[in-house]
Amino acid sequence: MAILTNSECAVIDIARSQPMLDRVLAWSAMNTGTRNLAGLAAMAGRLADVFAGLPGAITLDTPAPVTAVLTDGRTTEIDHGAHLVVTVRPEAPVQLLLTGHMDTVFPVDHAFQATRWLDDTTLNGPGVADMKGGIALMLAALTGIEASPVAARIGYQVMINSDEETGSLSSASLIERLARGKLAALTYEPALPDGTLAGARGGTGNFSIIVRGLSAHAGRNPDDGRNAVVAAADIALRLTAVRSPSLSVNPARIEGGGPNNVVPDLAIVRVNFRPASLAEIERARAHVASVVAAVAELHDVSIEVHGGFNRPPKPIDPGAAKLFALVKEAGADLGLDIGWRATGGVCDGNNIAACGVPVVDTMGVRGGAIHSADEFLLVDSLAERAALSALTIMRIAERGHL
């Protein structure tokens with residue numbers, strides 16, 4: 001373990017001393033399910049207040065329009081919460097992007113709404129790991145950086161969106177805009193309980209395929225009808241034919257139909273793809289188009305395809321490898337063994353990497369069981385990971401490169 005400089009020690013001490021646990025407890029008591037717009041607005045206000053301690057401009061970015069397919073086949077626009085953006089020293093020679101999300105997967109009517117201690121060091125609660133703990137330690141690290149002698153050399157933008165858990169559809173264009181010109185990015189998704197980070201990630205795409213047939217009496221003249229449910233089932237079966245170790249296909253739901261004596265004239269197939277590469281995205285797109293054309297002709301139905309690939313795969317390219325190495329080195333100097341491994345999960349790190357910006361996207365707390373009522377935060381990781389972020393950012397500022 002290397003000897004940290006006096007300046008590094010001072011920055012780390014400031015980061016570790018911030019009231020991170022108090023903030024996590026307060027924030028996790030606020031429901032911020034992605035569709036709870038009132039809760040998200042309240043959370044955005046709280047975050048704006050605490051991030052105002054940094055010497056930058058704070059804005060609430062208007063979410064981009066997002067449409068969804070309803071169960072009756074109509075499309076509708078879905079409202080989202082605003083996205084918080086903090087901009088500090090945009091003229092500095094070194095520019096970073098730090099991202100997080102304020103939303104959780106738990107709606108306002110979900111039973112999981114409160115925190116509780118599982119033991120002296122383990123906190124259970126909605127969003128404690130994913131990712132209110134991550135936001136708290138991000139702010140702590142930046143507070144330490146602002147007291148460092150290299151602060152003037154580094155500028156950064158913080159983006160905390162309100163829709164990450166549903167695919168960042170209303171913030172994707174914002175992420176792309178903020179990523180431009182950045183040397184590197186850090187995202188504060190939780191690490192695994194043992195501290196392992198996510199390395200390479202696959203991509204994801206979600207589609208709603210609307211099938212419109214023709215209704216008829218199921219006994220008197222069924223052949224005059226065009227069964228949309230049968231056609232939808234055919235689509236689901238055909239789509240899975242393209243599955244491979246590098247492309248998973250999950251037809252998750254077929255909606256439609258009605259009384260048993262009516263040939264159904266509407267069905268919707270909801271399907272998720274997980275491609276490991278850009279080539280697999282193209283293969284999947286071509287397969288969807290081929291399946292739709294074949295089923296439309298065979299069953300004499302009309303078909304509309306909505307959706308797309310919203311998160312590209314995130315490989316470990318040379319830039320990302322350098323950033324991971326820098327994080328690992330900082331961790332070693334703090335007595336931490338930082339490792340990483342590939343995962344099938346996706347996050348805003350996918351979007352950032354697609355912009356050509358190196359990103360480590362699990363700089364948050366150590367925790368687990370996320371997206372469930374068993375979600376937990378290992379509380380000692382707040383100070384630990386705040387120190388890791390502060391040291392990583394400080395060294396990027398000092399070097400001016402990865």
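In what follows, residues are counted from 1 in the order of the sequence shown.
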Should Leu139 and Leu54 count as side-chain neighbours, where that means a heavy-atom distance under 4.5 Å?
yes
A side-chain contact here means heavy atoms from C-beta on lying under 4.5 Å apart; do Asn350 and Thr204 qualify?
no
Given salt bridge (Lys or Arg N to Asp or Glu O under 4.0 Å), test Glu280 with Arg274 step by step and report yes or no.
CA-CA 9 Å; Glu280 289 291 45; Arg274 297 280 173 149; over 6 Å; no
Quick one, Ile145 and Thr143 - any side-chain contact, counting heavy atoms below 4.5 Å?
no
Could you tell me how the ring of Phe309 sits relative to the ring of Phe273: parallel (under 30°), tilted (30 to 60°) or perpendicular (over 60°)?
tilted
Report the C-alpha separation of Asp103 and Arg35 in whole Å, then their side-chain angles, then the decisive distance to 0.1 Å, and conclude whether the salt bridge (Lys or Arg N to Asp or Glu O under 4.0 Å) test is met.
CA-CA 9 Å; Asp103 64 322; Arg35 302 292 179 234; over 6 Å; no
Just wondering, more than 12 heavy atoms not from Asn261 lying within 6.0 Å of its CG?
yes
Please find the pair of heavy atoms, one from Val85 and one from Asp61, that lie closest to each other, and give the distance.
CG2-CB, 4.3 Å
Nearest 0.5 Å, please: how far is CG in Leu192 from OG1 in Thr362?
8.0 Å
Can you name the nearest heavy-atom pair linking Arg311 to Ser168, along with the distance?
NH2-OG, 2.8 Å
Intermediate values then yes/no, side-chain contact (heavy atoms from CB on, under 4.5 Å), Gln157 and Val86:
CA-CA 5 Å; Gln157 288 185 294; Val86 184; over 6 Å; no
Minimum heavy-atom distance between Val301 and Gly213, given as atom pair plus value:
CG1-CA, 3.9 Å
Is the number of heavy atoms from other residues, nucleotides or ligands within 6.0 Å of CD (Glu297) greater than 12?
no
pair Ile268-Arg253: side-chain heavy atoms closer than 4.5 Å:
no
Closer than 3.5 angstrom, by distance alone: can the side chain of His80 be matched with the main-chain N or O of Ile78 as a donor-acceptor pair?
yes
OG1 on Thr196 to CZ on Arg341, rounded to 0.5 Å:
5.5 Å
Within a strict 4.5 Å, meaning less than it, do heavy atoms of the Val66 and Glu77 side chains meet?
no
Heavy-atom side-chain proximity of Cys347 to Met131 below 4.5 angstrom
no
Before giving the answer on salt bridge (Lys or Arg N to Asp or Glu O under 4.0 Å), spell out for Arg399 and Glu329 the whole-Å C-alpha distance, their side-chain angles and the decisive distance to 0.1 Å.
CA-CA 14 Å; Arg399 298 177 185 183; Glu329 177 188 273; 2.4 Å; yes
Value rounded to 0.5 Å, distance of CD in Glu8 from CG in Leu334
8.5 Å
Between the CD1 atom in Ile210 and the CG atom in Leu266, the distance rounded to the nearest 0.5 Å is 7.5 Å
Is there a side-chain contact between Val128 and Glu375 in this structure, where contact means two heavy atoms from C-beta onward sitting under 4.5 Å apart?
yes
As an exercise, state the distance from CG of Leu84 to CG of Asn161, rounded to the nearest 0.5 Å.
10.0 Å
Would you confirm whether Gln113, through its side chain, and Pro107, through its main-chain N or O, come within 3.5 Å as a donor-acceptor pair?
yes
Is there a donor-acceptor pair under 3.5 Å between the side chain of Gln95 and the backbone N or O of Ile154?
no
Is it true that atom CG of Asp120 has more than 12 heavy atoms of other residues, nucleotides or ligands lying nearer than 6.0 Å?
no
Judged by modelled atom types alone, do Thr34 and Asp163 share a side-chain donor-acceptor pair under 3.5 Å?
no
For Asp361 against Ala198, the heavy-atom pair lying closest together
OD1-CB, 3.9 Å
Tell me, yes or no, whether the heavy-atom count around Asn6 atom CG, taken from other residues, nucleotides or ligands under 6.0 Å, exceeds 12.
no
About how many Å separate CD of Glu164 and CE of Met159, when rounded to the nearest 0.5 Å?
9.0 Å
Does any non-hydrogen side-chain atom of Leu40 lie less than 4.5 Å from one of Met102?
yes
Quick check: closest heavy atoms across Thr99 and Leu97, and the distance to 0.1 Å?
CG2-CG, 3.7 Å
Test log, rule salt bridge (Lys or Arg N to Asp or Glu O under 4.0 Å), inputs Glu398 and Arg395
CA-CA 5 Å; Glu398 290 171 335; Arg395 289 182 174 177; 5.2 Å; no
Using 30° and 60° as the class limits, which term best fits the ring planes of Phe324 and Trp340: parallel, tilted or perpendicular?
tilted
